[in-house]
Engineer: 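Below is a structure I'd like to ask you about.
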Amino acid sequence: MTTLIRLEMLRVLRNRRYVFFSLLYPAVLYLLMAGSAGGKDLAPGMPAAKYFMVSMGTFGAVGAALNGAMRIALERKEGWVRQLRLTALPGHGYVLAKLAAATSLSLPSILLVMLLGGLGEGVRMDAWQWPALLAALWVGSFVFAALGIALGYAAGPDVVQPVVMITYIGLSLLGGTWFSLDRSPAWIRDLGRATPTGLYNQLGRIGQTGTAPGTGTLLGLAVYFVLFAGLAAWLYQRDTKQA
């Protein structure tokens, strides 16, 4: 399984789409958003550069995690998954390899935006907050890696790209990635904070306000992970029976 994880990571790193949409795109957006704010605060004590550092970190991580859906759909079409089933690799090993590869590749997107925030935009946090924020956002990306695997088995290769993009942009908008939900109407705020991205963005409170996420946030993300991972496993088994 270790060999498969390494192979998956090398394949993605050679993919120009991954490099652009998961690494460069969130980083460029962050610089544009932080620069356009001109050092202003989005909320009392919340500089725009710090807020967008967290939100663009989550944006890039979600994109990197969901990127696996398109690879899975293409592998199913090309017969690669069928070939793997003929090897000694168990079914759960394939799913775990995909999950491990996706979450490993979400880490660089988070790290790049944080480096730009600290070194380029002058974001200041306590020393403990930097590694804590990095770890929290990376662990949170497991939820979207599981969702990406599920989408890869739910959608065919001809439709998987628009399905992933709609999911990606839709969840980002609803979850407050592009703007703070604090100033939204109550029903939008409650809806947004209940979405996977809304809960994921709450992990950024470590970097934004220096406070740990609440138990409800952690529990909500755990529930979403179990649901998405369970759906991915069920879809994989269904695909196996149809093959």
Engineer: For the residue pair Ala102 and Ala65, what are the closest heavy atoms and their distance?
Structural biologist: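 Nearest pair, atom of Ala102 first, then Ala65: CB-O, 4.1 Å.
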
Engineer: What's the spacing between Arg205 CZ and Leu203 CG if we round to 0.5 Å?
Structural biologist: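 Reported value, rounded in 0.5 Å steps: 10.5 Å.
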
Engineer: Determine the minimum heavy-atom distance between Ala27 and Leu112, stating which atoms define it.
Structural biologist: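 Closest pair (atom of Ala27, atom of Leu112, distance): CB-CD2, 3.9 Å.
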
Engineer: Before we go on, tell me: are the rings of Phe59 and Trp178 under 6.0 Å apart, centre to centre?
Structural biologist: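 Centroid separation for Phe59 and Trp178: below 6.0 Å.
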
Engineer: Is Ser141 reaching over with its side chain to a backbone N or O of Ser106, donor-acceptor style, under 3.5 angstrom?
Structural biologist: no

Engineer: Testing the basics here: between Ala155 and Val163, what is the closest heavy-atom pair and its distance to 0.1 Å?
Structural biologist: CB-CG2, 4.4 Å

Engineer: I'd like to know whether Ile110 forms a side chain to side chain contact (heavy atoms under 4.5 Å, CB included) with Leu133, so could you lay out the CA-CA distance, the side-chain angles of the two residues, the decisive distance to 0.1 Å, and finally the verdict.
Structural biologist: CA-CA 9 Å; Ile110 302 170; Leu133 177 62; over 6 Å; no

Engineer: Would you say the side chain of Met125 lies within less than 4.5 Å of the side chain of Lys50, judging by non-hydrogen atoms?
Structural biologist: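 Yes; the side chains approach each other to less than 4.5 Å.
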
Engineer: Could you state the interatomic distance from CG (Leu147) to OG1 (Thr197), rounded to the nearest 0.5 Å?
Structural biologist: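 Going from CG on Leu147 over to OG1 on Thr197, the span is 10.0 Å.
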
Engineer: Does the side chain of Asn201 pick up a donor-acceptor pair with the side chain of Ser55 at under 3.5 Å?
Structural biologist: no

Engineer: State whether the side chain of Tyr200 and the backbone N or O of Leu137 hold a donor-acceptor pair below 3.5 Å, judged by distance alone.
Structural biologist: yes

Engineer: What is the minimum heavy-atom distance between Leu171 and Pro196, and which atoms define it?
Structural biologist: CD2-CD, 4.1 Å

Engineer: Answer yes if Leu115 and Leu134 sit in the same cluster of Ile, Leu, Val, Met, Phe, Trp and Tyr residues linked by side chain heavy atoms under 4.5 Å apart, and no otherwise.
Structural biologist: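 Yes.
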
Engineer: Would you please test Trp128 and Ile206 for side chain to side chain contact (heavy atoms under 4.5 Å, CB included) and show each step?
Structural biologist: CA-CA 10 Å; Trp128 69 269; Ile206 293 175; 3.8 Å; yes

Engineer: Among the clusters formed by ILVMFWY side chains lying less than 4.5 Å apart, do Val139 and Met114 turn up in the same one?
Structural biologist: yes

Engineer: Using the rule that two of Ile, Leu, Val, Met, Phe, Trp, Tyr join whenever any of their side-chain heavy atoms come within less than 4.5 Å, decide whether Leu174 and Val54 are in one cluster.
Structural biologist: no

Engineer: Please give me the minimum heavy-atom distance between Val164 and Ala69, naming the atom from each residue.
Structural biologist: CG2-CB, 3.6 Å

Engineer: Ignoring hydrogens, what is the shortest heavy-atom contact between Ala145 and Leu99? Give both atom names and the distance.
Structural biologist: CB-CD1, 3.5 Å

Engineer: Rounded to the nearest 0.5 Å, what separation is found between the CG atom of Leu24 and the OG atom of Ser109?
Structural biologist: 11.0 Å

Engineer: Establish whether Leu119 and Val123 are linked, either directly or via other cluster members, by ILVMFWY side-chain heavy-atom contacts under 4.5 Å.
Structural biologist: yes

Engineer: Mind checking whether Tyr168 and Ser172 have side chains closer than 4.5 Å, heavy atoms only?
Structural biologist: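 Side chain of Tyr168 against side chain of Ser172, heavy atoms only: contact under 4.5 Å found.
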
Engineer: Taking Gly198's backbone N and O only, do any of them form a donor-acceptor pair with Thr195's side chain (distance below 3.5 Å, no angle check)?
Structural biologist: yes

Engineer: With heavy-atom distances below 4.5 Å as the criterion, would you say the side chains of Met53 and Glu121 are in contact?
Structural biologist: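 Counting from C-beta outward, Met53 and Glu121 never come under 4.5 Å.
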
Engineer: Tell me which donor-acceptor pairs under 3.5 Å the side chains of residues 211-233 have, and how far apart each pair is, sequence neighbours excluded?
Structural biologist:
from, atom 1, to, atom 2, distance (Å)
Thr211, OG1, Thr209, OG1, 2.7
Tyr224, OH, Ala194, O, 2.7

Engineer: Nearest 0.5 angstrom please: Trp130 CH2 to Leu111 CG, how far?
Structural biologist: 10.5 Å

Engineer: Quick check on the hydrophobic clustering: are Ile72 and Val159 connected, directly or via other members, by side-chain heavy-atom contacts under 4.5 Å?
Structural biologist: no

Engineer: So how far is it from Leu151 CG to Gln161 CD, rounded to the nearest 0.5 Å?
Structural biologist: 13.0 Å

Engineer: With distance as the sole test, does Thr177 use its side chain to make a donor-acceptor pair with the main-chain N or O of Leu173 at under 3.5 Å?
Structural biologist: no

